[in-house]
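Working notes, beginning with the structure itself.
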Amino acid sequence: MEKKILFPQVGGFVHGGDYNPEQWLDRPDILEEDVRLMKKAGINSMSVGIFSWSVLEPAEGEFHFEWLEEIIDRLYENGIYTVLATPSGARPAWLDEKYPEARRVNRMGMREHHGGRHNHCMSSPVYREKVAVMDRKLAEKFGSHPGVIMYHISNEFSGECYCDHCVKRFRGYLAEKYDHDIEKLNHAWWTTFWSHRYNNFEQIEPPFVHGETSVMGLNLEWKRFTTWNTNDFMKAEAAVLHSVTPHIPVTANLMRMFGGLDYRKMAPDMDVVSWDNYPTFHNDWETLADTAYETAFQHALMRSLKRGVPFMMMESAPGLVNWQKVNKVKRPGIHRLACLQAVACGSDSVQYFQWRKGRGSYEQFHGAVVDHMGTDDTRIFKEVAEVGELLKRIAPAAGTLVKTKAAMLFDWDNRWAIEDMKALGQETKKYEETCINIWKEFFRLGVDMDIVGSDEDLSPYDVVVAPMLYMLQPGTAANLRAFVERGGQLLATYLLGYVDSEQLCYLGGFPGDGLKELFGIVSEEIDSLYPADRNGIILTDDALRAAGSAISCGNSRGGSLAGGTTECCGGQAEKKADWEVAEYAEILRVQDAQVLGTYADDFYQGSAAVTCKSHGKGNAYYVAARTGAADMRPLFERMLADAGISVRRLPEGVECHVRSGEEDRYEFYLNWTKEAVSVPGVEGRDIVSGAQITDRLELPAYGVAVVCPL
């Protein structure tokens, strides 16, 4: 596996953040001081120009780039490179005044007023024209500057527009998709229901809040269109930049598992994927380690959007943010952990929002490297400088990749379809939470997983998990069958294969499209449970039961028991169930699968709840009910063992990732607990401390290590 160096100029990892010098043009002393402080903090890159349009072009056609040129020159002269942003994320007032069509129309059909950000119409021809003019001038002015290493397109794409331009484009998008045949659309959307049939594409409107919202096909296609239209806007910006400077890569900063856009459709048109990372550290509903593991999931999602290339953490808070429900300060040591976690998961950058706190407006109290105090002796500044030194020490790891043999399937289409379906418990669908919890349990077993689409190539993987894969894309079923036939270990759960990509239910029983034969089961009904309802799964497979008993008796994270009457180790009550069931339980008709577990209660007591069917060289497992991810750990371990993937039990709260290149291998260890821990089975040199490790790595509280095996 060769290294994929993003920025050879930097000579390692990018360390920087969002810099807004236009807010300080009346304070040249502060601009000079910024550079001194950047060098002291180990900063080697700054993102500039993200919301600078009103300063770059204060009036239409009046361009002022001299201040930006001075900033880029000064940074470069001091060894600091520039990620140059296009300013399209927020429009100047003169543009909205003269061209009101650039402003979005909301779901009520009302034109938005000027203000805020991310509220421009992606379809507006005049807005696209003005953006293209700005982008071309920036590329022509700065594209040959040796200090400019990347373009940052817009900022955190989001939202939708219901204006006439967007409605027209939506209709054209639909006509193209359905071959200009309205009857194809009517069939796909099942519009004879409630007499919603269309005679032509001109009759179709988006799902206005006071309009048509009951046609699932319309709702889903609007979301797909919003992604398509946003991506088309992003591609238009990239095309202008690349036409002038094809050698400079482009990115657009994404927002974790954002629900409004299908990032998997956008990633191919970025040279590098980047995202903005703002965990709710130190919250009161989970442990710090749980917060960290969920963040690792988000990193894995971004890493998997463009496999084979490092991603970038474009934004993170060096201290606190200003928009969470409780804006809590990072405790000492957490910043270093969070930064190294991003790198461990495959990021080749650690970047912050923001460099210096502004004096006014919405983000004046958002955390920054440089506080309103303006000094270098604050705790936050010192911790950022410490990260700068750490990144220099581990610079040889830049360009290496995370390679894993396990993957989870996660589709935005599937997510949207589950959210919109009128079924199950309206408040308990929890698709994202279910995926994250299962991913975290594999992670606790020392197994990193990629997060891929259901129609992607699965040949790099030996274990694949598909939670709640309600919607099947064309080719998904064949993809899964081929994976199992060649020896893959596949796990699917309840709600598998109910609808096709148009959200039409499969006939003949679920799962559809031939998956009944792959798994050897038919789902006849699905029961939604109230919070007070109780059921469980009794394992009928001796090996699984023994493994589950060992976990529940010997580990505080073991499987919970149904019924509430069992004492695990005391022997005072008979065990009623091995796994607890909550919220959903499918009732299966077994065809030719092996039954590994049955329901403990209700009228479907004794019927199959966990099954396995061997197919080709592999196995297809099915769990028909929602049960705790920790309960399923013995099943995960069996799959990993059959796939030849080693399980590694790390101390609770310790995280491990591996990055590797052609010859290099780096093991990253992170301790998210307040206690010192000892990690067995580690040998090599810790390039953070310089220590030689033989057999056992000692990590202090909130400690980190990057070990190169001997």
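Here the structure is a predicted model, which is why all the values come from computation and not from measurement.
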Next item on the list: Might you point out which heavy atoms bring Phe443 and Cys656 nearest each other, and give the distance in Å?
Entry: CE1-O, 3.8 Å
Item checked: Trp285, CH2: over 12 other non-hydrogen atoms inside 6.0 angstrom -> yes
Next item on the list: Quickly, which of Leu409, Leu491, Asn479 forms a side chain to side chain contact (heavy atoms under 4.5 Å, CB included) with Val464? Name it, please.
Entry: Leu409
Item checked: All pairs passing salt bridge (charged side-chain N to carboxylate O under 4.0 Å, His left out) where residues 420-433 contributes a residue, at least two apart -> Arg415-Glu432, Lys430-Glu583
Notebook entry, point to check: Got a donor-acceptor contact below 3.5 angstrom from the Asp631 side chain to the Glu580 backbone?
Noted result: yes
Notebook entry, point to check: Does the distance from a Lys or Arg side-chain N to an Asp or Glu carboxylate O, for Lys440 and Asp290, drop under 4.0 Å?
Noted result: yes
Check: Would the number of heavy atoms belonging to other residues, nucleotides or ligands and lying under 6.0 Å from CZ of Phe603 be above 12?
Finding: yes
Next item on the list: Over all heavy atoms of both residues, which pair between Lys265 and Thr227 is shortest? Give the atoms and the distance, please.
Entry: CB-CG2, 3.9 Å
Checklist line | Partners meeting side chain to side chain contact (heavy atoms under 4.5 Å, CB included) with Glu675 (sequence neighbours left out) | finding: Thr673
Note to self: Angle between ring planes, Tyr604 versus Tyr599, binned at 30° and 60°: parallel, tilted or perpendicular?
What the structure shows: perpendicular
Note to self: Test side chain to side chain donor-acceptor pair (under 3.5 Å) on Thr694 and Glu683; report intermediate values, then the result.
What the structure shows: CA-CA 5 Å; Thr694 56; Glu683 292 189 359; over 6 Å; no
Item checked: Main-chain N/O of Tyr278 paired with Gln324 side-chain donor or acceptor, under 3.5 Å -> yes
Margin query: Can you confirm whether more than 12 heavy atoms, excluding those of His187, are under 6.0 Å from its NE2 atom?
Written below: no
Check: Testing Thr611, Val522, Val595, Thr598 for side chain to side chain contact (heavy atoms under 4.5 Å, CB included) with Leu588, which one passes?
Finding: Thr611
Next item on the list: Measure the shortest side-chain to side-chain distance between Asp527 and Asn535 over non-hydrogen atoms and say whether it is less than 4.5 angstrom.
Entry: no
Item checked: Within residues 299-310 or reaching into it, pairs that qualify as side chain to side chain donor-acceptor pair (under 3.5 Å) - sequence neighbours excluded -> Trp275-His299, Arg303-Asp450, Arg307-Glu456, Arg307-Tyr461
Notebook entry, point to check: Any salt bridge (charged side-chain N to carboxylate O under 4.0 Å, His left out) pairs touching residues 586-598, not counting sequence neighbours?
Noted result: Glu524-Arg589, Asp592-Lys613
N/O donor-acceptor pairs under 3.5 Å from side chains in residues 508-521, not counting sequence neighbours:
unit_1	atom_1	unit_2	atom_2	d
Lys516	NZ	Gly509	O	3.3
Lys516	NZ	Pro511	O	3.3

Margin query: Treating Arg659 as the side-chain partner and Val343 as the backbone partner, does any N or O pair qualify as donor plus acceptor under 3.5 Å?
Written below: yes
Item checked: Donor on one side chain, acceptor on other, Gln473 and Asp411, under 3.5 Å -> no
Next item on the list: Name all pairs fulfilling the salt bridge (charged side-chain N to carboxylate O under 4.0 Å, His left out) condition that reach into residues 484-493, sequence neighbours left out, sorted by first residue then second.
Entry: Asp462-Arg486
